[in-house]
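Working notes for the structure below.
Just so you know, these numbers use all the heavy atoms, side chains as well, and skip hydrogens, waters and symmetry mates.
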Amino acid sequence: MDKSKQIIENCPNFYKIVNFDYFEDDNFTASLIKIYRTFIFSVDPLNESDLKKVVELDNVLAKYIDDYVFRKTMKFELTQVKITDRENLLNNLVNSILGIFEKFEEGRTRNIYIARWL
């Protein structure tokens, strides 16, 4: 089976993410989608740890698209990230994105959000 097809089979949100209609001046989202595409097609689908990371990244970017609060948090947190190792820049960015998501989910389970209805 083709490597690309194997990757896309493990990414149920691939088309949703790639075809996301973001604002024209939203360079951050464009860059995030580019990182997503570059990373998922650069991994070996036979490597279980890489495949697990691809599935996690797919879920995180789907959450980014669906949840406005998470999108704001992600934009702020990623601007604060400092990456020192230039050799594994893509891998470090993906690890930072996954770490921000874990931190967000951890904080979200501790807080109760009540919607305000007018």
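Applying the side-chain hydrogen bond (donor to acceptor under 3.5 Å, both in side chains) test to every pair with at least one member in residues 89-99, sequence neighbours left out, gives these pairs: Lys53-Asn91, Lys53-Asn95. Among pairs with a residue in residues 75-101, those fulfilling ring pair (Phe, Tyr, Trp, His ring centres under 6.0 Å) read Phe70-Phe101, at least two apart in sequence or across chains. Pairs engaging residues 26-41 under the salt bridge (Lys or Arg N to Asp or Glu O under 4.0 Å) rule: Asp26-Lys75 [sequence neighbours left out].
Here the CD1-CG distance, from Ile17 to Asn59, works out to 8.0 Å after rounding to the nearest 0.5 Å. Rounded to the nearest 0.5 angstrom, Lys52 NZ and Leu57 CG are separated by 14.0 Å. We find the OG1-NZ distance between Thr73 and Lys103 to be 9.5 Å, quoted to the nearest 0.5 Å. Here CD1 of Ile97 is found 12.5 Å from CD of Glu77. Values are rounded to the nearest 0.5 Å.
A 4.5 Å side-chain heavy-atom check between Met74 and Val60 finds at least one atom pair inside the cut-off. Asp58 has its side chain out of reach of Asn10: every pair of non-hydrogen atoms, C-beta onward, lies at least 4.5 Å apart. Under the 4.5 Å side-chain criterion, counting only non-hydrogen atoms from C-beta, Arg71 is not in contact with Lys63. Annotation: side chain of Ile100 is in contact with side chain of Val81 (closest heavy-atom distance under 4.5 Å). Put simply, the side chain of Cys11 reaches to within 4.5 Å of the side chain of Val54, judged on heavy atoms. Side-chain contact between Phe104 and Asp67 is present, with heavy atoms from C-beta onward closer than 4.5 Å. The closest side-chain heavy-atom distance from Ile33 to Tyr22 is below 4.5 Å.
Glu102 meets the salt bridge (charged side-chain N to carboxylate O under 4.0 Å, His left out) test with no other residue; sequence neighbours excluded. Looking at residues two or more places apart in sequence or on another chain, you find a side-chain hydrogen bond (donor to acceptor under 3.5 Å, both in side chains) between Ser49 and Asn47. Partners of Lys16 under the side-chain contact (heavy atoms from CB on, under 4.5 Å) rule, at least two apart in sequence or in another chain, are Asn13, Ala62, Ile65, Asp66. Contacts of Phe20 classified as ring-ring contact (aromatic ring centres under 6.0 Å, His included), with partners at least two apart in sequence or in another chain: none. Partners of Ser31 according to the side-chain contact (heavy atoms from CB on, under 4.5 Å) rule, which considers only residues two or more places apart in sequence or in another chain, do not exist here. When the ring-ring contact (aromatic ring centres under 6.0 Å, His included) test is applied to Phe41, the partners found at least two apart in sequence or on another chain are Phe14. Under the rule for a side-chain contact (heavy atoms from CB on, under 4.5 Å), the partners of Leu93 that lie at least two apart in sequence or sit in another chain are Ile35, Ile83, Leu89.
Taking every heavy atom of both residues into account, Pro45 and Leu51 meet most closely at O-CD2, 3.6 Å. Contact between Ile7 and Val43 at its shortest, heavy atoms only, is CD1-CG2, 3.7 Å.
Val55 is not connected to Leu90 by any chain of hydrophobic side-chain contacts under 4.5 Å among Ile, Leu, Val, Met, Phe, Trp and Tyr, and they are in different clusters. Two different hydrophobic clusters hold Phe39 and Leu46 under the rule that ILVMFWY side chains link at heavy-atom gaps under 4.5 Å. Connection of Val18 to Phe23 is not established within any shared hydrophobic cluster, with ILVMFWY side chains joined at heavy-atom distances below 4.5 Å, either directly or through further cluster members.
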- request: Show your working on side-chain contact (heavy atoms from CB on, under 4.5 Å) between Leu32 and Leu78 and close with a plain yes or no.
  value: CA-CA 10 Å; Leu32 210 54; Leu78 266 181; 3.8 Å; yes
